[in-house]
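Reviewing the structure listed below.
If you're wondering where the values come from, they're calculated on a predicted model, not measured in any experiment.
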Amino acid sequence: MMQRITQNFLRPSVSRIRFAGAPAATQRACFSNTSAVHDGAPTWHGTTILCVRKDGKVCMMGDGQVTQGNMVVKPNARKIRRIFPKTVGGNEQKDGEQSGVIVGFAGSTADAFTLLERLEGKLDQYPGQLARSCVELAKGWRTDKYLRRLEASLLVADENVALEITGNGDVLESTDNVLSVGSGSPFALAAARALQDQEGLSAEDVCRKAMDIASDMCVYTNKCYKYEVINLKDVPVQSEDSSTAMKQNN
């Protein structure tokens with residue numbers, strides 16, 4: 001009898017845990033979302049990564065700002081990487097060649113580099129098959145208990161395709177040769193789509209102008225840009241004379 005009374009006395013009551021006056025739905029949300037009550041650690045915000053494919057080139061550009069709470073801790077972080085699979089079609093790749101795969105990431109730096117290492121392993125396992133490598137990465141990201149906790153998004157592009165990979169298991173291919181992720185991605189994506197058809201603008205020019213617009217509207221994006229470019233093979237660049245002749249014929 002004495003032992004039972006002691007257990008009841010030590011057992012925490014519901015009234016001690018719940019917030020006074022808060023509805024039941026709010027109470028459940030507070031306890032189910034562990035990140036909302038995480039010991040007050042500041043959240044790392046912000047990136048804008050943009051990829052544009054135009055006129056025989058693929059350009060991926062990202063800003064360099066890293067923020068912690070309301071403080072900028074680094075203005076020139078490099079969020080774009082070029083990786084080289086060991087072999088593609090039986091030929092060994094060299095770092096000096098303008099090929100390989102370019103990767104841009106948004107989110108936690110440690111999580112992004114963990115995913116980058118996994119992607120490199122998949123590319124070595126499936127050389128020359130970027131789409132399959134990304135699908136295999138997304139499958140592991142979604143199903144693995146450890147990888148599921150990683151908070152990042154990736155943009156991946158090579159000579160043939162550009163893809164976005166998310167932690168929800170999505171592998172998204174662009175329909176208009178423009179992809180973007182990060183806090184300023186809606187602004188950069190809209191601007192790049194509007195500028196893409198402008199004559200005289202290269203892929204790099206479109207990226208830079210779109211990133212300028214995104215940096216003016218997103219407080220987590222600055223104007224310290226880093227970028228990588230892939231020159232597409234066997235893709236003829238349309239000249240001004242040929243484009244004028246096509247318009248006259250139409």
Side-chain angles (χ1 to χ4, degrees), residues 35 42-82 101-113 115-116 134 138 141 150-158 161-230 232:
S35 61
T43 304
W44 291 78
H45 291 286
T47 294
T48 302
I49 305 295
L50 177 64
C51 180
V52 174
R53 183 185 299 264
K54 183 181 179 182
D55 294 340
K57 289 188 176 182
V58 179
C59 180
M60 186 177 294
M61 184 175 293
D63 75 301
Q65 179 169 309
V66 178
T67 55
Q68 188 176 15
N70 57 357
M71 179 179 63
V72 177
V73 295
K74 189 174 183 180
N76 59 345
R78 187 173 184 85
K79 306 169 186 177
I80 307 293
R81 293 288 188 275
R82 186 189 296 265
V101 177
I102 49 179
V103 183
F105 52 84
S108 172
T109 305
D111 294 352
F113 275 99
L115 294 170
L116 186 61
C134 291
W141 192 355
L150 301 182
E151 298 179 357
S153 296
L154 299 180
L155 278 189
V156 185
D158 66 355
V161 67
L163 301 169
E164 175 185 350
I165 314 173
T166 69
N168 296 327
D170 301 324
V171 179
L172 308 176
E173 182 179 0
S174 171
T175 58
D176 53 3
N177 296 326
V178 179
L179 277 176
S180 183
V181 294
S183 58
S185 61
F187 315 119
L189 187 64
R193 286 175 174 173
L195 294 168
Q196 190 179 21
D197 296 332
Q198 297 296 317
E199 296 182 0
L201 294 180
S202 65
E204 181 184 342
D205 295 333
V206 172
C207 282
R208 190 173 299 276
K209 289 180 177 293
M211 289 292 293
D212 285 339
I213 295 174
S215 63
D216 290 337
M217 302 183 71
C218 176
V219 297
Y220 298 118
T221 302
N222 67 2
K223 295 182 183 294
C224 185
Y225 307 140
K226 307 289 184 181
Y227 66 94
E228 292 283 350
V229 177
I230 293 179
L232 305 183

In Å and rounded to the nearest 0.5 Å, what is the [atom1] to [atom2] distance from [X] to [Y]?
X	Y	atom1	atom2	value
Asp63	Cys224	CG	SG	8.5 Å
Thr67	Asn222	OG1	CG	10.0 Å
Leu201	Lys209	CG	NZ	6.0 Å
Gln196	Asp55	CD	CG	9.5 Å
Lys54	Asp197	NZ	CG	7.0 Å
Leu179	Leu172	CG	CG	7.5 Å

Do you know which two heavy atoms are closest between [X] and [Y], and how far apart they sit?
X	Y	answer
Cys59	Glu204	SG-CA, 3.8 Å
Tyr227	Arg208	CE2-NH2, 3.6 Å
Ala77	Val66	CB-CG2, 3.6 Å
Met60	Leu155	CE-O, 3.7 Å
Gly184	Ala214	O-CB, 3.8 Å
Ala210	Leu50	CB-CD2, 3.6 Å

Problem set entry | From CA spacing to verdict: side-chain contact (heavy atoms from CB on, under 4.5 Å), Thr221, Ser183 | CA-CA 8 Å; Thr221 302; Ser183 58; 4.2 Å; yes

Exercise. Do the side chains of Lys74 and Asn76 get nearer than 4.5 Å, heavy atoms only?
Worked result: yes

Exercise. Can you check whether Gln65 reaches Thr48 side chain to side chain, under 4.5 Å on heavy atoms?
Worked result: no

Problem set entry | Residues Gln198, Val206; criterion side-chain contact (heavy atoms from CB on, under 4.5 Å); working and verdict | CA-CA 9 Å; Gln198 297 296 317; Val206 172; over 6 Å; no

Exercise. Between Arg82 (side chain) and Val229 (backbone), is there a donor-acceptor pair under 3.5 Å?
Worked result: yes

For this session: Return yes if some donor-acceptor pair links the side-chain N/O of Lys79 with the main-chain N/O of Lys226 below 3.5 Å, else return no.
Result: no

Exercise. Taking only residues two or more places apart in sequence or in another chain, which ones pass salt bridge (charged side-chain N to carboxylate O under 4.0 Å, His left out) with Glu173?
Worked result: none

For this session: Quick one: do Ile165 and Trp141 satisfy side-chain contact (heavy atoms from CB on, under 4.5 Å)? Show the steps, please.
Result: CA-CA 10 Å; Ile165 314 173; Trp141 192 355; 3.9 Å; yes

Problem set entry | Single hit among Ser174, Cys134, Cys51 for side-chain contact (heavy atoms from CB on, under 4.5 Å) with Leu163 | Cys134

Problem set entry | Chi angles and distances behind the side-chain contact (heavy atoms from CB on, under 4.5 Å) call for Ser215, Tyr225 | CA-CA 10 Å; Ser215 63; Tyr225 307 140; 3.4 Å; yes

Problem set entry | Option passing salt bridge (charged side-chain N to carboxylate O under 4.0 Å, His left out) with Glu228 (candidates Lys57, Arg81, Arg78) | Arg78

